[in-house]
Novice: 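Input: one structure, supplied below.
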Amino acid sequence: MTLQDLAKIMRENGVCGAGGAGFPSYAKLNDKADTIILNCAECEPLLRLHRQMLEKYSYEILTALDTVAEAVGADNIVIAVKRSYKDAIASVESNLASFKKARIGYLPEAYPSGDEVVTIYETTGRVIKPGKLPITEGVIVFNVETMYNTYNALSNIPVTEKYVTVTGAVKNPVTVKVPLGTDFNTLIELAGGATIEDYAIINGGPMTGGLAGKFELVTKTSNAVIVLPSDHYIVEKRKTRDSISLKRAMASCCQCRTCTDLCPRNLLGHPIDPANFMKSASSGNAKDIKTFLDTFSCCSCGVCELYACRQELSPRSLIASYKAGLRANGVTMPADMEYENVSADRPYRIVPMGRLISRIGLKPYNKPAPLDEKEVLPEILKIKLSQHIGAPAKALVSKGDKVTKGQILAASDADKLGLNIHCPMDGTVRDINDTFITVIRG
Ligand code: SF4
Ligand code: SF4
């Protein structure tokens with residue numbers, strides 16, 4: 001299959017990164033790639049979907065990877081996985097003989113092994129320069145569900161469902177497959193309900209996810225819904241206002257530099273230096289422009305804030321806020337950021353997953369969340385028009401229309417970065433607004 005044919009199939013069937021920001025996958029295809037990496041790090045605590053999908057669908061996922069490799073002309077496929085995912089590894093190994101380009105690349109039991117730059121370094125030894133894309137080093141990275149969706153797209157089955165791990169303070173942690181547009185409350189009910197009354201919901205992993213309401217909607221990038229007590233450390237950190245975080249930094253940042261010493265991007269030679277940033281931001285020293293521009297190389301992993309800083313300060317949140325402020329004022333990432341060699345201390349400064357889980361108070365919730373693929377059909381779905389990076393899709397249906405599963409509900413302009421959005425169930429369009437299309441069952 002040619003690159004152009006595959007790109008068309010991915011675009012028409014709505015395939016984007018099934019996690020993170022939701023970059024349209026067709027736009028990642030590039031004939032300069034020599035290596036395709038499947039990211040099965042599942043690097044955030046408590047998440048369980050990727051390893052289980054790889055175990056169950058390794059043949060399908062390897063087929064999709066092989067098709068991508070053929071289309072872009074890449075000779076190597078690396079399945080990046082942790083040794084502890086034994087069942088997923090066994091499943092991949094049982095199929096490797098049929099996929100000559102593929103090999104397994106082992107990742108450490110550490111956080112954030114799934115950060116793209118870290119995954120690439122661990123499995124190929126290549127370092128992506130700050131601000132650059134993996135393709136500059138000949139690599140394209142896809143996650144497990146993205147490749148599963150690509151496999152389906154090759155049979156003209158569009159993306160209409162999402163696998164989500166529902167865990168934390170719920171009766172039966174579970175990984176479910178639900179239609180896009182399902183609300184989080186339904187997911188919590190599928191996990192047997194919350195075990196506590198006063199809880200908060202994290203949309204995504206505990207390190208990088210944000211607070212969400214019960215009626216937040218599943219999109220193509222929803223990976224996890226985590227229920228935690230309202231006064232849990234992680235929830236409290238998310239609620240803290242930046243103005244308070246800055247005052248705390250002024251009062252108690254002792255410049256121990258632990259945040260910088262453990263920063264995964266800094267250890268790979270990128271210029272981000274959270275300790276320096278805290279000094280400049282909290283003292284109002286705007287003369288040190290480089291420190292602020294270096295924030296563009298922060299990946300928001302949260303190691304500095306949730307693991308490294310014993311004063312419980314918030315470098316990650318403040319960096320994110322400053323970065324957003326710079327962007328809002330038209331400042332973009334410098335074209336060529338300075339960088340250094342990978343730190344010789346890196347092997348000793350990797351954050352062990354077990355210790356991270358204990359330190360952030362997640363040990364009681366670190367449980368299996370078995371895959372349950374029974375069909376879920378809510379009465380009502382609210383399908384977001386913007387589930388990916390790029391132009392939001394424009395509705396092609398009208399209020400009152402009868403719609404069927406797999407039908408295109410909305411499409412992006414062909415000349416813009418974007419994707420089609422498909423209907424997840426048979427039903428009737430009840431409402432359309434700028435944010436979503438509401439479909440009722442039947
Ligand atoms: S770890 Fe905390 S106290 Fe130490 S330099 Fe970083 S922000 Fe300051
Ligand atoms: S969030 Fe903190 S530890 Fe992670 S890359 Fe940014 S500065 Fe480094």
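Whatever order the structure lists them in is the order used to number ligands and atoms, beginning at 1. If you read the sequence from its start, that first residue is 1, and numbering goes on from there.
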Novice: Tell me the protein heavy atom at minimum distance from atom 8 (Fe) of ligand 2, and give that distance in Å.
Specialist: C263 SG, 2.3 Å
Novice: For ligand 2, is there an atom lying under 4.0 Å from some heavy atom of I319?
Specialist: yes
Novice: Measure centre to centre between the rings of F277 and Y322, then say whether the value is under 6.0 Å.
Specialist: yes
Novice: Considering only NZ, NE, NH1 and NH2 on the basic side and carboxylate oxygens on the acidic side, decide whether R257 and D273 come within less than 4.0 Å.
Specialist: yes
Novice: Please determine whether C253 has a backbone or side-chain N, O or S atom lying under 2.8 Å from atom 4 (Fe) of ligand 1.
Specialist: no
Novice: Please report which non-hydrogen protein atom sits nearest to atom 6 (Fe) of ligand 1, along with the residue it belongs to and the distance in Å to one decimal place.
Specialist: C259 SG, 2.4 Å
Novice: Which protein non-hydrogen atom lies closest to atom 2 (Fe) of ligand 1, naming both residue and atom, and how far is it?
Specialist: C309 SG, 2.4 Å
Novice: Is C304 close enough that one of its N/O/S atoms sits under 2.8 Å from atom 6 (Fe) of ligand 1?
Specialist: no
Novice: What part of S300, side chain, backbone, both or neither, has a heavy atom within less than 4.0 angstrom of ligand 2?
Specialist: backbone
Novice: Does P274 come within less than 4.0 angstrom of ligand 1, counting non-hydrogen atoms of the residue?
Specialist: no
Novice: Aromatic contact between F142 and Y148, with the criterion being ring centroids under 6.0 Å apart: yes or no?
Specialist: no
Novice: Taking everything shown except D345 itself, do over 12 heavy atoms lie less than 6.0 Å from its CG?
Specialist: yes
Novice: Under a 4.0 angstrom heavy-atom cut-off, which atoms of ligand 1 come close to Q311?
Specialist: 3 (S)
Novice: Apply salt bridge (charged side-chain N to carboxylate O under 4.0 Å, His left out) to E55 and R48, showing your working.
Specialist: CA-CA 11 Å; E55 179 191 344; R48 296 286 186 272; over 6 Å; no
Novice: Please list, in number order, the atoms of ligand 1 under 4.0 Å from a heavy atom of Q255.
Specialist: 5 (S)
Novice: Under 4.0 Å from any heavy atom of R316, which atoms of ligand 2 are there?
Specialist: 1 (S)
Novice: Can you name the one residue among N76, I120, T119 that meets side-chain contact (heavy atoms from CB on, under 4.5 Å) with V139?
Specialist: I120
Novice: Can you find a non-hydrogen atom of C299 under 4.0 Å from ligand 2?
Specialist: yes
Novice: Please write down residue, atom name and distance for the protein heavy atom closest to atom 4 (Fe) of ligand 2.
Specialist: C301 SG, 2.3 Å
Novice: Is the CG atom of N433 crowded by more than 12 outside heavy atoms at less than 6.0 Å?
Specialist: yes
Novice: Quick one: nearest non-hydrogen protein atom to atom 5 (S) of ligand 1, plus distance?
Specialist: R257 N, 3.3 Å
Novice: Run the numbers for me: atoms of ligand 1, each under 4.0 Å from some heavy atom of C254, listed by number.
Specialist: 3 (S)
